[in-house]
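Presented below is the structure to which this report refers.
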Amino acid sequence: MNQADELCVNQAPAQTSSNIADRVSLIEIDVIDEEKDNGLVDPAITDASITEAELSLPELSFQEKLFILETAVTRHALNREILYNILACCKEESTLEEIEHVVSSCPEFKSATQSPYQSIKILKRSYGLDLIERDAEGGVVVAEQKIGLTEDEIDDLICSLSYITTEVGNYFVELHRPKARLIELLNLVPERTDTYTELLEYVNEAPNSYKEIEALLTDRPVLEIVID
């Protein structure tokens, strides 16, 4: 991640900070509510699920949406990799069942605190995923087709749901690819690069305990943190 990207992701533009705070608050309230019941009693996600509060908020820029997605993905360390993997999986249109299969195969799934459904909902509300609704013939159902229909008629019209990563979500995936994150770390403090490389080579040779790694890195001034 270069400096421009870092600013883009980690800092909300000052002129719209309250607007972004409103969006993040909606997502966080949604997450808190879901964590109480694990999302099991929630209705299916459809375009009708968008709240009036969300509709009343102004449109955000690409960078502002990216900031919100970053906030949603990184807010809980135990769920970060799951959320990232869902975004990567949905680069191609994927059903809930396909996403659940990907999530359940992730090593991080055992310690995750959210169900795949909850994670999908969070990513959708954070501009990372788009919902695709299809009719019996496989065609995409658009908003105009729902005009004048009752909820039951809309339910009958929609035969399948799937998800696809948005432009914002795809940018986030590329920005946080494991290789990109490693390169960023290696270049963050140049004088530590050799030490990091040595550590990677050391653990690549054979499994090592924390004490063994600690012994390897002991008495290395380059790793000391200096506080002025």
Side-chain angles (χ1 to χ4, degrees), residues 16 18-62 64-69 71-73 75-76 79 82-83 85-104 112-170 172:
T16 56
S18 61
N19 183 16
I20 292 177
D22 289 340
R23 301 278 179 142
V24 173
S25 295
L26 284 170
I27 294 167
E28 290 183 341
I29 289 170
D30 187 55
V31 171
I32 291 170
D33 288 342
E34 287 178 345
E35 288 175 347
K36 293 177 182 177
D37 59 24
N38 201 32
L40 296 178
V41 298
D42 289 337
I45 305 174
T46 66
D47 286 342
S49 302
I50 300 174
T51 65
E52 291 184 8
E54 289 174 298
L55 290 173
S56 66
L57 294 171
E59 179 65 19
L60 298 178
S61 70
F62 183 91
E64 290 163 345
K65 291 177 181 178
L66 184 62
F67 177 83
I68 290 176
L69 179 59
T71 301
V73 172
R75 69 182 295 275
H76 198 313
N79 300 319
I82 295 294
L83 293 167
N85 284 327
I86 291 175
L87 290 172
C89 161
C90 291
K91 279 177 169 286
E92 296 184 3
E93 186 177 336
S94 303
T95 64
L96 175 59
E97 291 75 18
E98 291 169 333
I99 296 170
E100 287 178 331
H101 176 73
V102 168
V103 170
S104 64
T113 64
Q114 296 168 178
S115 68
Y117 171 81
Q118 287 176 283
S119 299
I120 290 170
K121 187 171 183 179
I122 290 167
L123 291 171
K124 180 178 181 294
R125 295 188 66 175
S126 306
Y127 309 100
L129 291 178
D130 275 337
L131 171 68
I132 300 176
E133 301 169 330
R134 295 190 180 276
D135 58 26
E137 297 179 354
V140 176
V141 176
V142 296
E144 288 75 13
Q145 292 174 259
K146 303 177 186 178
I147 296 175
L149 299 182
T150 65
E151 287 188 14
D152 288 339
E153 289 171 333
I154 293 175
D155 287 340
D156 291 338
L157 175 63
I158 299 171
C159 293
S160 68
L161 301 176
S162 57
Y163 304 88
I164 193 163
T165 306
T166 63
E167 183 181 359
V168 173
N170 281 321
F172 178 89

Evaluate side-chain contact (heavy atoms from CB on, under 4.5 Å) for V102 paired with I86, printing each intermediate quantity in order.
CA-CA 8 Å; V102 168; I86 291 175; over 6 Å; no

Given 3.5 Å as the limit, does a donor-acceptor pair link the side chain of T165 with the main chain of L87, or not?
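Yes.
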
Working note: L129 + I164, criterion side-chain contact (heavy atoms from CB on, under 4.5 Å); need CA distance, chi angles, decisive distance, verdict.
CA-CA 6 Å; L129 291 178; I164 193 163; over 6 Å; no

What is the minimum heavy-atom distance between S126 and I122, and which atoms define it?
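It is OG-O, 2.7 Å.
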
Nearest non-hydrogen partners of V141 and Q145, listed with the distance
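Smallest interatomic distance, heavy atoms only, reads CA-OE1, 3.3 Å.
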
With sequence neighbours left out, write down each residue that passes side-chain contact (heavy atoms from CB on, under 4.5 Å) with [X], or none if nothing qualifies.
X    : answer
A112 : N79, I82
E167 : F62
S104 : F109
S94  : C89, C90, E98, I99

Mind checking what makes salt bridge (charged side-chain N to carboxylate O under 4.0 Å, His left out) contact with E93, not counting sequence neighbours?
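R134.
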
Can you tell me how far the [atom1] atom of [X] sits from the [atom2] atom of [Y], to the nearest 0.5 Å?
X    : Y    : atom1 : atom2 : answer
I120 : L96  : CD1   : CG    : 5.0 Å
T166 : K124 : OG1   : NZ    : 11.0 Å
S160 : E133 : OG    : CD    : 9.0 Å
S119 : E100 : OG    : CD    : 10.5 Å

Dump the intermediate steps for side-chain contact (heavy atoms from CB on, under 4.5 Å) on I132 and Y163, then the final yes or no.
CA-CA 6 Å; I132 300 176; Y163 304 88; over 6 Å; no

For a 4.5 angstrom cut-off between non-hydrogen side-chain atoms, does [X] reach [Y]?
X   : Y   : value
L83 : H76 : no
L60 : F67 : no
K65 : E59 : yes

L123/V73 under side-chain contact (heavy atoms from CB on, under 4.5 Å): CA gap, chis, key distance, verdict
CA-CA 8 Å; L123 291 171; V73 172; 3.9 Å; yes

With sequence neighbours excluded, residues passing side-chain hydrogen bond (donor to acceptor under 3.5 Å, both in side chains) with D135:
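With neighbours one apart ignored, the set is empty.
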
Inspect the surroundings of CD in E153 and state if more than 12 heavy atoms from other residues, nucleotides or ligands are less than 6.0 Å away.
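Enclosed.
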
